[in-house]
Amino acid sequence: MPELPEVEIVRSGLNRLIIGLEVENIWSDWPKNFPNSEGDVNNFLINSKINAVGRRGKSLIIDLNTNYSLITHLKMTGQLVFEGKEHFGAGHPSSSLLGPLPDKSTRVVISFKDGAKLFFNDQRKFGWMKLVPTSEVKNNEFIKGLGPEVLSDDFGSQNFIRHMRSRPNSQIKAVLLDQKVIAGVGNIYSDESLWMAKIHPASIVKDISEKKLDNLFNSLVEVMRESIKKGGSTDRNFVDFEGKKGSYLNFAKVFRREGQACPRCGREIKKIRVAGRGTHICEYCQRISVK
DNA sequence: CACTTGACCTGTCCGC
DNA sequence: TGCGGACAGGTCAAGT
């Protein structure tokens, strides 16, 4: 599921809802999802208070007042859903995919002293939570390898182009998806932004003009900002911090629209494979770049 | 170095 | 209705 916009939606929602809550208890059924849940958790998570909820690329970082932080990655099917006191017995909104929680995909439950709960659901069990000292978050083996934040104010087209150019012989889609180059882009927003910028995903970076890469940066920022406004993309599993689906895919131009008409030229959208991923393009609008 | 494949898991969909 | 295969928003390891 979650790419940068979806994770950002969860982050901002949790940041409103769980700051200051005090952890009473924690439950986990699947050690791979929470590998150190047997060790430091009792000392550093139980009785701690939530200080802040941050994000780095597609990772969420929940800071505690014990100088520990909980790094969470939702991978393909992870969900982080909060149920406050007011939710009890009320179920989820009609725009939800969820029934009562916990359900059979629930891997971790964090209970707070006021009765609220935070559920980490993950059908495919690829996601994880890890408790690390806050001072070591930046040096975490996963976090430290990430490239810059695409949507940060001090990033920008020139930096974007420079980072893309660092992989001159690769296909542009593979570079967009490489979290070490820039952080946060996944399959949906790479397809959408490449369509908008009229670039074929298999184009080799060194063959793509400055102008097109500039367009790509602006397209990427636009599609991700728009998605955040629309509640993110729910392909199958994504729900936000209160269980609601996102509506962005109703507005997507090519993603999962093979067989439909390209909104720009009317020709049929095709599905191909690029960088090992299902890839949606208009072959007419998006030609392979040739230098 | 860059690309491909397979692995990690479960669920769903499609064709026979 | 059942069964097998392909595929799914992400990342990592290993092979060519």
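First the proteins, then the strands, lettered A, B, ... as listed; each starts at 1.
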Under 4.0 Å, counting only non-hydrogen atoms across every strand here, what does A:K180 touch: a base, just sugar-phosphate, or nothing?
nothing
Cation-pi check, A:K245 onto A:F238 ring (under 6.0 Å, within 45° of axis):
no
A:L80, A:D122, A:L60 screened by side chain to side chain contact (heavy atoms under 4.5 Å, CB included) with A:M129, the one that passes:
A:L80
What one should report as the nearest heavy-atom pair of A:K173 and A:G278 is NZ-O, 3.4 Å
On DNA chain C, check which nucleotide each of A:L177 and A:Q123 is closest to and give me the residue with the more 5' one.
A:Q123
Heavy atoms under 4.0 Å, any strand shown: does A:N187 hit a base, just sugar-phosphate, or nothing?
sugar-phosphate
Under 4.0 Å between a side-chain N or O of A:Q171 and OP1 or OP2 of B:dA2?
no
Of A:R236 and A:P168, whose closest DNA chain B nucleotide lies nearer the 5' terminus?
A:P168
Does A:R277 place a side-chain N or O at less than 4.0 Å from the phosphate oxygens OP1/OP2 of B:dT4?
no
Atom C1', compared across C:dG9 and B:dC3: separation rounded to whole Å:
22 Å
In DNA chain C, stems of three or more consecutive pairs, Watson-Crick or G-U, each with both distances under 3.5 Å, turn out to be B:2-8 with C:10-16, B:10-16 with C:2-8
Want to settle it: does A:R124 or A:K58 sit nearer the 5' end of DNA chain C, counting the closest nucleotide to each?
A:R124
Go through the N and O atoms of the side chain of A:R167 and the base of B:dA2, and report whether any donor-acceptor pair is under 3.5 Å.
no
Please tell me whether A:F142 and A:W128 form a close aromatic pair, meaning their ring centres lie under 6.0 Å apart.
yes
Base, sugar-phosphate or nothing for A:G186? Non-hydrogen atoms, less than 4.0 Å.
sugar-phosphate
Can A:F126 be called stacked on B:dC9 when the rule is centres closer than 5.5 Å and an angle between planes below 30°?
no
Which part of the nucleic acid, if any, lies within reach of A:G127 when heavy atoms closer than 4.0 Å are counted: base, sugar-phosphate only, or nothing?
nothing
Any idea which of C:dG9, B:dC9, C:dT11 is nearest the A:F238 side chain?
C:dG9
Short side-chain N/O contact to B:dC1 OP1/OP2 from A:S170, under 4.0 Å
no
Closest to side chain of A:H73, choosing from C:dG10, B:dC3, C:dG9
C:dG10
Check this one for me: any side-chain N or O of A:K75 less than 4.0 Å away from OP1 or OP2 of B:dC8?
no
Contact class for A:R256 vs. all strands (heavy atom < 4.0 Å): base, sugar-phosphate, or nothing?
sugar-phosphate
Side-chain N or O of A:K125 closer than 4.0 Å to phosphate OP1/OP2 of C:dT11:
no
